[in-house]
Amino acid sequence: MTMTTQIDAGLVDEANQQGAAHLQADYDHLGAVLARRGIDIEAITEKARDFAVAVPSWGTGSGGTRFARFPGPGEPRNVFEKLEDCAVIQQLVRCTPTVSPHFPWDWVDDFSELRQHADALGLGFDAVNSNTFQDQPGQPLSYKYGSLSHTDPAVRAQAVAHNLECIEWGQVLGSSALTVWVGDGSNFPGQSHFQYQLERYLESARAIYDALPADWDMFLEHKMFEPAFYSTVIQDWGSSVLCAMELGDRARCLVDLGHHAPNVNIEMIVSRLIQFHKLAGFHFNDSKYGDDDLDSGSLHPYQQFLIFNELVDAEQRGQAGFNPAYMLDQSHNVTDPIESLMNSAEEVQRSYVKALLVDREALYAHQEANDAMLATNTLKAAFNLDVSPILAQARVLEGGAAQPIAVYRASGYRCAVDKQRPSSGQSGSGIV
Ligand code: RM4
Ligand code: MN
Ligand code: MN
């Protein structure tokens, strides 16, 4: 299959050549540092090459807040153009081979054609996301007061039917998981009966779960607040895991890093979900106040590393049924979305690689000996290393760019698509 490349491959090669001597020197130096710790850099680079995180289709446009959205130049106007941008990201970073679509935002009348388009760009599809948190033009019943947990059975049926159609579309695309996040909740004390509301949600979720194709999984995504500001039906990982346990083995919990109360110990939640075979995967992003959807690792790189420390620990222990799905979920309000997604993919991969460098035997020994100081310093010894040469080397070996943002800027891609994609002029508020 000839893959359509969005950016001139010659440009990538030229930039890589120019930086090759410095990269090799940095890589050799890091290799020597790691060798002193008994780590083979080549083995780590191989693991980095295998790492993948999915790109959210909705992340390719500029995001916004409740107040405003400031559109950027050359925004993709449909899913075909979103895929073109995702192909640029994958061409340069080589760790984002799949796209997570969101329906009905990415609805098309011919899903086979969409799959062919993705194939030609060298992309596949990850989990499909349903959307019952907004009303769509022409939709018979409103989600203003909820969807899967609505008091009106007809609204619940409509929301269930939408999830079923998402599965059907996803099957054509080659996806094998449905991510369900609902905005259902309440804005005032007393507005909703907590238990009855959750019972209604479970009944609807059961109808979706029962319709899953044999090789599909259902990811339940919790979120503490927004759009409901008093209570949310799947408020926290506790509610999420209770529902996942009710539904069955193929229902698991998706952890979006922005969906927790401030200061919550997310890595410990991850460990708990791993222990009970209930970790579906992640929506990576970063936040300072709430569901800020900032770029992964931009504020709390150590927290992201600690999460990967749990993931690598499970991987190395050979934890049964451990196969988490990695996705980004960010809103890019002031940056070029392609740059943010490339940078974030690298930051997530960076956390993974650093977690691979943790001296796990030493850590376990310090834990057994109750040596808090040396245990925590064992983690820091891995975190404090700059693994950039490994990441760059992995990209180059995979045919990507050592310096993705520099090559992307030099390519003039944004300027070129700006000419082909006249602005939609949609500057209102919004999440996408
Ligand atoms: C939500 C949640 C979902 C995403 C929407 C757009 O806050 O993170 O994963 O689909 O935003
Ligand atoms: Mn999310
Ligand atoms: Mn979110």
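Whatever order the structure lists them in is the order used to number ligands and atoms, beginning at 1. Computed from a predicted model, the values in this text were never measured in an experiment.
- Rounding to the nearest 10°, we obtain 90° for the angle at the Mn ion (ligand 2) between E221 OE2 and D256 OD2.
- Checked by distance only, ligand 1 and H283 come closer than 3.5 Å through their nitrogen or oxygen atoms.
- Nearest-residue assignment for atom 9 (O) of ligand 1 (options Q134, E221, H222, K223; heavy-atom criterion): E221.
- Taking distance alone, with nitrogen or oxygen atoms compared against 3.5 Å, W105 stays at or beyond that limit from ligand 1.
- Between F308 and F284, the two ring planes are parallel [angle under 30°; tilted spans 30° to 60°].
- Between Q191 and S186, the side chains place no donor N or O within less than 3.5 Å of an acceptor N or O (distance only, hydrogens not considered).
- Side chains of D359 and T378: a donor-acceptor N/O pair is absent below 3.5 angstrom, by distance only.
- Geometric assessment of K380 against the ring of Y302 yields a positive cation-pi assignment under the 6.0 Å and 45° thresholds.
- Against a heavy-atom cut-off of under 4.0 Å, D291 is close to the following atoms of ligand 1: 7 (O).
- The number of heavy-atom neighbours closer than 6.0 Å to CZ of R409, taken from other residues, nucleotides and ligands shown, is 12 or below.
- Within D291, the N/O/S atom positioned nearest the Mn ion (ligand 3) carries the name OD2.
- Among the backbone and side-chain atoms of H283, an N, O or S atom lies under 2.8 Å from the Mn ion (ligand 2).
- Shortest distance from the Mn ion (ligand 2) to D329 is reached at OD2 (N/O/S atoms only).
- Among the atoms of D329, some N or O lies under 3.5 angstrom from an N or O of ligand 1.
- A donor-acceptor pair shorter than 3.5 Å cannot be found between the side chains of S340 and N343.
- In summary, the side chains of D126 and Y326 do not present any donor paired with an acceptor at a separation below 3.5 Å, with no hydrogens or angles considered.
- Within ligand 1, counting atoms from 1 as listed, the ones closer than 4.0 Å to a heavy atom of D256 are 8 (O).
- The aromatic rings of W169 and F103 lie perpendicular to each other, with more than 60° between the two planes, well past the 30° mark.
- For the ligand labelled ligand 1, residue H259 lies inside the 4.0 Å heavy-atom shell.
- Residues E347 and R350 are paired through a salt bridge, judged by an N-O separation under 4.0 Å between the basic side chain and the carboxylate.
- Residue T179 does not touch ligand 1, judged by heavy-atom distances below 4.0 Å.
- Considering backbone and side-chain atoms alike, W58 places every N or O at 3.5 Å or more from each N or O of ligand 1.
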